[in-house]
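Quick notes on the structure that follows.
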Amino acid sequence: MPSPLDAKTISIIKACVPALEAHGLDITREMYKRLLSNPDIRDLFNMSHQKDGEQPKALALAVLAYARNIDNLGALGGMVERITEKHVGLNILPKHYPYVADALLEAIAQVLGNAATPEILEAWGKAYWFLAEILIGREEQIYEAHAAAPGGWVGWRPFTVRRKVRESDTITSFELVPVDNKPIMKHEAGQYLSFKLDVPGHGSQRRNYSISSEPGADHYRISVRRADGGVVSQWLHDTVQEGQMLDVSAPAGDFTPETEKNSKIVLLCAGVGQTPFISTLGAFLKDGTKRDIHYIHGVHTAQDEAFSDYIYDLAEKNALKADIFYSHSPAPTNRSSKNVTLHEGRVTAEWLKPHIDITADYNICGPDSFMRDMIKALTEAGVPEKQIHYEFFGSAADTELVGA
């Protein structure tokens with residue numbers, strides 16, 4: 001654990017909050033501009049999040065949250081853990097941190113000009129390395145745990161696509177097994193895999209995809225939605241075939257169900273946000289614990305809907321009840337099952353409110369606007385914060401979702 005920051009540094013950082021509110025995004029854009037000029041550092045990033053502006057925005061929000069809570073870092077514990085998990089998935093190492101420090105301080109100086117006094121830059125240098133040491137220490141613990149786990153590994157491990165399965169018009173699954181045929185680390189439901197991919201014409205790419213297979217299988221499965229203009233998703237759908245090799249890092253992420261104290265669980269998702277919950281359902285069935293599970297899923301059309309047979313089968317077996325919403329087409333008329341209710345339209349806060357059980361655990365995954373609406377509805381209904389868990393599968397910061 002690094003030495004605590006001195007009172008003067010804390011005071012200066014907190015005094016910078018108004019400047020960050022006004023210029024934080026400009027600072028992070030300038031920082032990434034400098035970082036990405038280095039090819040070795042550029043290859044660590046998901047470049048699609050640079051093109052759509054998500055990454056600079058997410059970092060600006062994170063830096064602002066850090067400055068606001070510099071004297072109460074316990075408030076950022078969840079965010080810090082998610083950052084370290086993503087860093088480990090992408091194989092970020094201590095040697096990478098100085099590049100970020102230089103780029104950040106240079107960006108602050110560039111954007112703030114004369115207002116970035118030597119005293120302010122010194123304070124931000126201290127604040128950066130204080131947080132960096134926390135992250136590095138936690139990442140080292142995770143790397144060590146991965147290395148020690150049965151079937152675990154550190155770095156990139158080659159996997160082969162054993163099966164490629166079309167789940168819907170927009171989602172395809174890829175079943176992955178290690179090239180060396182050795183055991184694989186058991187993932188936790190809700191975790192994801194990170195990939196280092198060489199896409200012809202686009203060079204090295206990094207992506208994270210939730211694992212949709214149940215924990216303990218002899219393979220990992222990811223289920224990928226074809227995104228309009230998506231460099232990697234279109235390549236996976238159109239070009240990658242069974243037998244192809246992909247570089248994968250060990251399972252990461254902390255979006256894992258915590259239901260040992262609560263047998264009521266709601267899986268609330270939209271689109272491909274269902275993916276981690278397919279793994280979660282597999283884990284629940286495998287451990288044999290009786291649970292009251294409510295699966296709520298919003299999808300555009302029946303043709304876009306993946307894993308519907310699986311959900312209907314579980315409903316028939318009384319393993320769950322489900323509400324499925326179709327926002328871009330009428331609900332199918334050729335499917336019916338006990339415990340499954342079909343709806344036309346979106347999953348809205350107005351629909352959710354009368355169905356809220358404040359004793360249940362809520363797990364949410366989907367587009368940020370969907371999650372923001374669901375979180376707000378649950379919070380306003382009195383569901384305790386500790387019972388609301390969510391996963392954003394882009395790069396937006398938690399602070400944007402919870403309104404910090």
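Note that this is a predicted model, so its numbers are computed, not measured.
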Exercise for review: Go through the structure and list residues passing salt bridge (charged side-chain N to carboxylate O under 4.0 Å, His left out) with Arg162, not counting sequence neighbours.
Suggested key: Glu175, Asp218
Review point. Between Ser173 and Ser223, do the side chains contain an N or O donor and an N or O acceptor separated by less than 3.5 Å?
Key: yes
Point to revise | Ring centers of Phe159, Trp153 separated by less than 6.0 Å | key: yes
Check your understanding: How would you list, by chain and number, every residue that makes a salt bridge (charged side-chain N to carboxylate O under 4.0 Å, His left out) with Asp313, sequence neighbours excluded?
Key -> Lys317
Review point. For Lys164, does the NZ atom sit with more than 12 other heavy atoms under 6.0 Å from it, leaving out its own atoms?
Key: yes
Review point. How would you list all residue pairs meeting ring-ring contact (aromatic ring centres under 6.0 Å, His included) that involve residues 352-378, not counting sequence neighbours?
Key: Trp351-His355
Practice item. Take the angle between the ring planes of Tyr97 and His87 and call it parallel below 30°, perpendicular above 60°, tilted in between. Key: perpendicular
Throw together a table of side-chain donor-acceptor distances under 3.5 angstrom for residues 176-186, partners on residues two or more places apart or in other chains.
unit_1	atom_1	unit_2	atom_2	d
Asp180	OD1	Arg157	NH2	3.0
Asp180	OD1	Lys182	N	2.9
Asp180	OD2	Arg157	NH2	3.4

Point to revise | Residues which pass salt bridge (charged side-chain N to carboxylate O under 4.0 Å, His left out) with Asp357, listed by chain and number, not counting sequence neighbours | key: Lys264
Point to revise | Lys338 atom NZ, over 12 foreign heavy atoms within 6.0 Å | key: yes
**Study point:** Pairs where residues 19-28 contributes a residue and the test side-chain hydrogen bond (donor to acceptor under 3.5 Å, both in side chains) is met, not counting sequence neighbours
**Key:** Glu21-Arg68
Review point. If you take all heavy atoms of His297 and Gly271, which pair is closest and at what distance?
Key: NE2-O, 2.9 Å
Review point. Arg138: what forms a side-chain hydrogen bond (donor to acceptor under 3.5 Å, both in side chains) with it, not counting sequence neighbours?
Key: Glu81, Gln141
Review point. Should the heavy atoms of other residues, nucleotides or ligands under 6.0 Å from OH of Tyr128 be counted, would the total exceed 12?
Key: yes
Point to revise | salt bridge (charged side-chain N to carboxylate O under 4.0 Å, His left out) contacts touching residues 102-111 (sequence neighbours left out) | key: Arg34-Glu106
Review point. How about Thr301 and Ser329: does a side-chain donor come under 3.5 Å of a side-chain acceptor?
Key: no
Practice item. State, without any angle test, whether Arg291 and Ser263 hold a side-chain donor-acceptor pair at a distance under 3.5 Å. Key: no
Point to revise | Phe325 six-ring centre to Arg346 NZ/CZ under 6.0 Å and within 45° of normal | key: no
**Study point:** Under the side-chain hydrogen bond (donor to acceptor under 3.5 Å, both in side chains) test, residues paired with Gln110 that sit two or more places apart
**Key:** none
Review point. Just by distance, with hydrogens left out, do Ser204 and Arg206 show a side-chain donor and acceptor under 3.5 Å apart?
Key: yes
Check your understanding: Does anything in residues 228-248 pair up under salt bridge (charged side-chain N to carboxylate O under 4.0 Å, His left out), and if so which pairs, sequence neighbours excluded?
Key -> Arg226-Asp238
**Study point:** Pairs touching residues 191-203 that satisfy salt bridge (charged side-chain N to carboxylate O under 4.0 Å, His left out), sequence neighbours left out
**Key:** none
Exercise for review: Indicate yes or no: at least one non-hydrogen side-chain atom of Pro251 is less than 4.5 angstrom from one of Tyr220.
Suggested key: yes
Check your understanding: Among all residues two or more places apart in sequence or in another chain, which pass the side-chain hydrogen bond (donor to acceptor under 3.5 Å, both in side chains) test with Thr9?
Key -> Asp6
Review point. Is there a donor in the side chain of Glu316 and an acceptor in the side chain of Ser337, or the other way round, less than 3.5 Å apart?
Key: yes
